[in-house]
Protein chains: 2
Amino acid sequence: MLKLSRLTDYAAVVMAQIARYPHKPHAAAELAQAVTLPQPTVSKTLKMLVRAGLLVSQRGAQGGYCLARPASQITAADIIAAIEGPVAMTECSQAEGDCELAATCGVSDNWQRVSLAIRSLLDSVTLAHLADTAPIKLPVQLPIQSISLAAESA
Amino acid sequence: MLKLSRLTDYAAVVMAQIARYPHKPHAAAELAQAVTLPQPTVSKTLKMLVRAGLLVSQRGAQGGYCLARPASQITAADIIAAIEGPVAMTECSQAEGDCELAATCGVSDNWQRVSLAIRSLLDSVTLAHLADTAPIKLPVQLPIQSISLAAESA
DNA sequence: TGATTGGGTACCATTTTAGTCCTGTATAAA
DNA sequence: TTTATACAGGACTAAAATGGTACCCAATCA
């Protein structure tokens, strides 16, 4: 289904929640309550986001989590990567030379292009967009034939 | 990682292989050999593709698999859907009302838009493109601000 | 009639995912 | 200085998805 994992989904929701009140630290318990999810799970997600550098944490009383940078500078791709690792549609599009089928498959080049296009789409969507209740404006897909700018050839 | 499952990858490779020689039926064993994958696995994949209506099969001696329609009318989204089910990034973007967090999450609308954009990207890539050894021309992502066409608001 | 080739299903092993818990450490306030 | 608060890290378990295989049946053609 090309689906995000559940944790990634949680991460987005939690990040959005923080983004809406960016000026105070948010404790895990508070966030868990706000998004009605079990606390340990939310905690786990938060830790991953810190390790990825998207959140900063403050220990101790009155501590909690804050965005590491403005919501407009955190992308959907960042959040996905924080939980699931780098966005890549196929095995071979993440690391070079790992796929010993490359010779017979003859599809990898084009998959990688698709992967890249999705990646750049996700790069263009920021947390500020996600957290906004108004709809994001996304490019509508034009027919391929009408597009002049092409990916570089391999 | 937002990754395709391995079977989906196989499916694309196998479909591309058939697309390159569209005029004769291809036996599972022949295809397995061509793409150097175990035969039972290739068979399984082929069966799924038939059930999804992307391939037609012919039993008996000299039988095999053919494309159900021209490669230019089979999309990447079709292939993915055949193996993994409909393309949808989040739980709530596939079926309405299944996500009881919708009230607190406040992100679902925008995720759905992103999901739709990816979907239309995948709809625009055909098997003919994938099977082609020349690079596909894909739209380069423009900055969101510069895009005038917006998704309909909910 | 028998060889060939796909169809369907059930099954198993492995990996991934989700979720929980425990113990340790930093911080702020009393 | 003490104590309550809150994050850090890792281990562990349960459940689900995934990948792969095997088996037997049905259709087709020579």
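The analysis underlying the following values was restricted to heavy atoms, covering all of them including side chains, and did not include hydrogens, waters or symmetry mates.
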**Message:** Could you check whether any side-chain heavy atom of A:W111 comes within less than 4.5 Å of a side-chain heavy atom of B:L4, counting everything from C-beta outward?
**Reply:** yes
**Message:** Does anything in residues 35-49 of chain B form a salt bridge (Lys or Arg N to Asp or Glu O under 4.0 Å)? List the pairs, not counting sequence neighbours.
**Reply:** none
**Request:** Mind checking side-chain hydrogen bond (donor to acceptor under 3.5 Å, both in side chains) for A:D132 and listing every partner two or more places apart, or none if nothing turns up?
**Result:** none
**Message:** Less than 4.5 Å apart, side chain to side chain, heavy atoms only: is that true for A:L54 and A:L127?
**Reply:** no
**Request:** For A:L2 and D:dA17, give me the distance from atom CG to atom P, rounded to whole Å.
**Result:** 17 Å
**Asked** How does protein reach along nucleotides 1-16 of chain D, written 5' to 3' as B (base within reach of a heavy atom under 4.0 Å), S (only sugar-phosphate), or - (no contact)?
**Response** ----BSBBB-------
**Message:** According to side chain to side chain contact (heavy atoms under 4.5 Å, CB included), who are the partners of B:A32, at least two apart in sequence or on a separate chain?
**Reply:** B:Q39, B:V42
**Message:** At a heavy-atom distance below 4.0 Å, which nucleotide of DNA chain C is the first touched by chain B, and which is the last?
**Reply:** C:dT4 to C:dG8
**Request:** Please determine which of A:L67, A:I18, A:L55, A:I74 meets the side chain to side chain contact (heavy atoms under 4.5 Å, CB included) test together with A:L49.
**Result:** A:L55
**Fill in**
Here the distance between atom P of D:dT18 and atom CD of B:E84, to the nearest Å, is 7 Å
**Message:** With a 3.5 Å distance limit and no angle check, can you tell me whether B:T36 reaches the backbone of B:Q33 through a side-chain donor-acceptor pair?
**Reply:** no
**Message:** Taking salt bridge (Lys or Arg N to Asp or Glu O under 4.0 Å) as the cut-off, I'd like each qualifying pair that reaches into residues 55-83 of chain B, sequence neighbours left out, listed once.
**Reply:** B:R69-B:D78
